[in-house]
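Everything on this sheet refers to the single structure shown next.
The chain is numbered in sequence order, starting from 1. FYI, side chains are in, hydrogens and waters are out, and symmetry mates aren't considered; it's all heavy atoms of this structure.
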Amino acid sequence: MSGERRREKLLEILRNAKSPISGAKLAENLAVSRQVVVQDIALLRAQNQEITSTCRGYIMKKDSPCKRIFKV
């Protein structure tokens with residue numbers, strides 16, 4: 001699998017995730033090392049993808065359907 005295709009698959013996995021996914025789990029799903037996943041995440045972040053790393057893994061910021069409006 002090419003690097004570009006792998007990063008597309010990585011984005012697809014993160015977009016569909018309801019909770020954080022560990023780098024090890026992503027590496028297992030993509031059949032690469034965890035370090036490759038870390039490098040791919042860095043490249044995706046450089047392309048302005050909003051990927052957050054937590055102590056439990058990676059997750060993408062989702063647009064909230066609710067917005068707060070403060071009236072003064």
Query raised in the report: Which residues pass the side chain to side chain contact (heavy atoms under 4.5 Å, CB included) test with S19, sequence neighbours left out?
Result: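 Result, side chain to side chain contact (heavy atoms under 4.5 Å, CB included) vs S19: none returned.
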
Query raised in the report: Looking at NZ of K9 and CZ of R5, how far apart are the two atoms once the value is rounded to the nearest 0.5 Å?
Result: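 Between K9 NZ and R5 CZ, I get 6.5 Å after rounding to 0.5 Å.
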
Query - Partner residues of R15 under the side chain to side chain donor-acceptor pair (under 3.5 Å) criterion, sequence neighbours left out - result: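 Here no residue qualifies.
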
Query raised in the report: Listed by chain and number, what are the side chain to side chain donor-acceptor pair (under 3.5 Å) partners of R6, not counting sequence neighbours?
Result: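 Here the qualifying residues are D40.
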
Report task. Report the residues that fulfil salt bridge (charged side-chain N to carboxylate O under 4.0 Å, His left out) with R56, sequence neighbours left out, ordered by chain and then residue number. Result ->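 Testing R56 for salt bridge (charged side-chain N to carboxylate O under 4.0 Å, His left out), a comparison that skips the adjacent residues, returns none.
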
Query - Pairs touching residues 43-55 that satisfy side-chain hydrogen bond (donor to acceptor under 3.5 Å, both in side chains), sequence neighbours left out - result: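 For residues 43-55, and leaving out neighbouring residues, the side-chain hydrogen bond (donor to acceptor under 3.5 Å, both in side chains) pairs sorted by first residue read R45-S53.
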
Query raised in the report: Charged N to carboxylate O below 4.0 Å: is that the case for R7 and E4?
Result: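 Looking at E4 together with R7, the answer is no, because their closest N to O distance does not fall below 4.0 Å.
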
Query raised in the report: With ILVMFWY side chains joined below 4.5 Å, transitively, what does V37's cluster contain besides itself?
Result: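 Result for V37 is L10, L11, I13, L14, I21, L26, L30, V32, V36, V38, I41, L44, I51, Y58, M60.
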
